[in-house]
Amino acid sequence: MTEPLILGGSVAPFGRHRDGSHWRDWVRQAGNEALEDAGLEVADIDAVVVASESDFLSLQINPGPVVLDEMGLSGRPVVRVEGGGASGGLALREGMIQIMAGMAGRVLVIGFEAAAGHLQPSDVQRVYGLSFDAEVDGMAGATAVSLYALSIAEHMARFGTTAEQMASVSVKNHANAVGNPWAHKPMTITIDDVLASPMVATPYHRLDCSLASDGAAAVVLAHPEAAPKATRPLSRITGSGVGSDFARLGDRAERHAFIAKRRAAEAAYTMAGIKDAARDIDVAEICDPFTGAEIQSLEALGLALPGEAAPALADGVFHKDGKLPVNLSGGLIGQGGAPGATGIAQAVTMDRLLGGRYRDSATSFERGLIDVHGGVGTLAAVHILERVEP
Amino acid sequence: MSDNTLRLDLALGYDHGLGTFGEYFRALAQGQALASRCGTCGRTWLPPHTHCPEDGRACEAVELEGLGVVVAETRTRTRLPFTDEDANIIFVLVAMAGADNAAFGRLENFTGEDAAGQTVRLSGTDGPIGHPAQNAVFIPQEFG
């Protein structure tokens, strides 16, 4: 089986860009930096995959050809991929498929979102209310935070998960973002700070929530036979899985758990030959739109047993110096959440972590996991990346 | 805001068909719980599905008694879609008697600290709404 290589990538910083810049500027920055990181020229790219979540946010329908024009890639095949918060991960999978099918040798996968500085926050909340079963739940008033809150409330009732344990996720991820030049919200805070922040929707305080961010990210994938000779460690994608669950949270038998993610992970682990994820994964970038969602994700991914992720988090197992570092970038909570870009930014981060060139760290890892989802864990994409020596 | 930024206000008016949800919404406005039942697997859904999400078979409409138990709650201050005022709202998931799923809606007339386990009745609402789905309002059974 062909295992696509990641030749390089980059991120246009996540944040609330009120500087008059346009998402095209962020796309061009991320795309050109990704090509430079990969050691390729525009002419080397065979095809492009574009991810963005909502045209309500960007004011651009059919963004693919626009991205091509911005990158000097006009005329190339382009596919736009959308799956809510999973968009970037699904775009990565689409790029993989094109390479594995022999349809392209080198694919630029690029994602963006104008989710923060463009619309007023209340309008962004209204748009994201359409991310679920819009006609039934969204129109009834469901927002992202209210549905995630209902889901984690059942987790708390079942396992005794506490607000303090969830707050420890916020402390970890905001701290991990400190020093990350791509991060929207690097902060050094305490559990008390989280618990003292304004309540948004019980049990979630403001500092339990990630931010909607502007930003872009890009990676260059290649068939091993279409890759230039490597001069540094690269990474290859050895596993990919997608899973789904009922669109309505209320329809699920296990509303406290992310079953779609469990399905996606099982498929990715099978493809990568992983038997015991908690043992075999060295580092992970995990979807954490809310603190409790990181706990639910860890359990769905099999990185902790059901009900055991929260105490393990509080004990430091998933801290940067812990047994399995999770969200060294800061995750959505610290680095930010630009849905079309998030899954791709995770791939960039993981590629650099595996290559021993992430930020100022010389530490390298052998095998990493990246994970994004849309809805309340409704549609999930999980990928396994492994280090390749030059 | 940067001087390189334009303020654009976009108002979109939709003539939005309700499709097969129309019947459910009309019943909801009367405080009636119009569910659907799969003729093959027997699973019963409220809100309804025209076809069973489990097996794709057509469902038939069934009316439930309208009673249920709150399985989770969250309290927030927000604005319902297409309405004008923020409000303090308790959103709940309610396991309705006779249904296999849970229904999302608002809980009103509840003054306790935690609604989980509370028996409630689907009531509809006389308050302002912006969409008929907002008639998914529950009240404690003692008010029913």
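Below, read A as the first sequence line, B as the second, and so on, with proteins coming before strands; counting in each chain starts at 1. Note that these values count all heavy atoms, side chains included, but never hydrogens, waters or copies made by symmetry.
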More than 12 heavy atoms from other groups under 6.0 Å of [atom1] on [X]:
X	atom1	answer
A:Glu164	CD	yes
B:Arg77	CZ	yes
B:Glu63	CD	yes

task: Return the minimal non-hydrogen interatomic distance between A:Ala149 and B:Thr74, and the atom names on each side.
output: CB-OG1, 3.3 Å

- prompt: Which atoms form the tightest heavy-atom contact between A:Ala140 and B:Ala133, and what is the distance?
  reply: CB-O, 3.6 Å

Tell me, side chain or backbone of [X] under 4.5 Å from chain A's heavy atoms, or both, or neither?
X	result
B:Ile90	neither
B:Leu10	side chain
B:Val92	backbone
B:Phe91	both
B:Leu18	side chain

Segment of [X] engaging chain B (4.5 angstrom heavy-atom cut-off):
X	result
A:Leu249	side chain
A:Leu119	neither
A:Phe56	side chain
A:Asp137	both
A:Ser122	neither
A:Ala153	side chain

- request: For each of B:Ile129, B:Leu80, B:Thr78, B:Val71, tally heavy-atom pairs with chain A at distances under 4.5 Å, and name the one with the top tally.
  value: B:Val71

[X] side, atom [atom1]; [Y] side, atom [atom2] - distance, nearest 0.5 Å:
X	Y	atom1	atom2	result
A:Phe246	B:His49	CZ	NE2	7.0 Å
B:Asn101	A:Arg252	CG	CZ	12.0 Å
B:His131	A:Glu135	NE2	CD	4.0 Å
A:Arg248	B:Leu46	CZ	CG	9.0 Å

query: If we only count heavy atoms from C-beta on, is the A:Asp19 to B:Thr5 side-chain gap below 4.5 Å?
result: no

Any donor-acceptor N/O pair, [X] side chain to [Y] backbone, under 3.5 Å:
X	Y	result
B:Thr76	A:Val200	yes
B:Gln134	A:Met139	yes
A:Thr202	B:Arg75	yes
B:Asn4	A:Gly20	yes

query: Quick one: which of A:Leu147, A:Val136, A:Asp251 gives a side-chain contact (heavy atoms from CB on, under 4.5 Å) with B:Phe104?
result: A:Leu147

task: Find the one option among A:Ser21, A:Ser151, A:Gly141, A:Gly129 whose heavy-atom pairs under 4.5 Å with chain B are most numerous.
output: A:Gly141

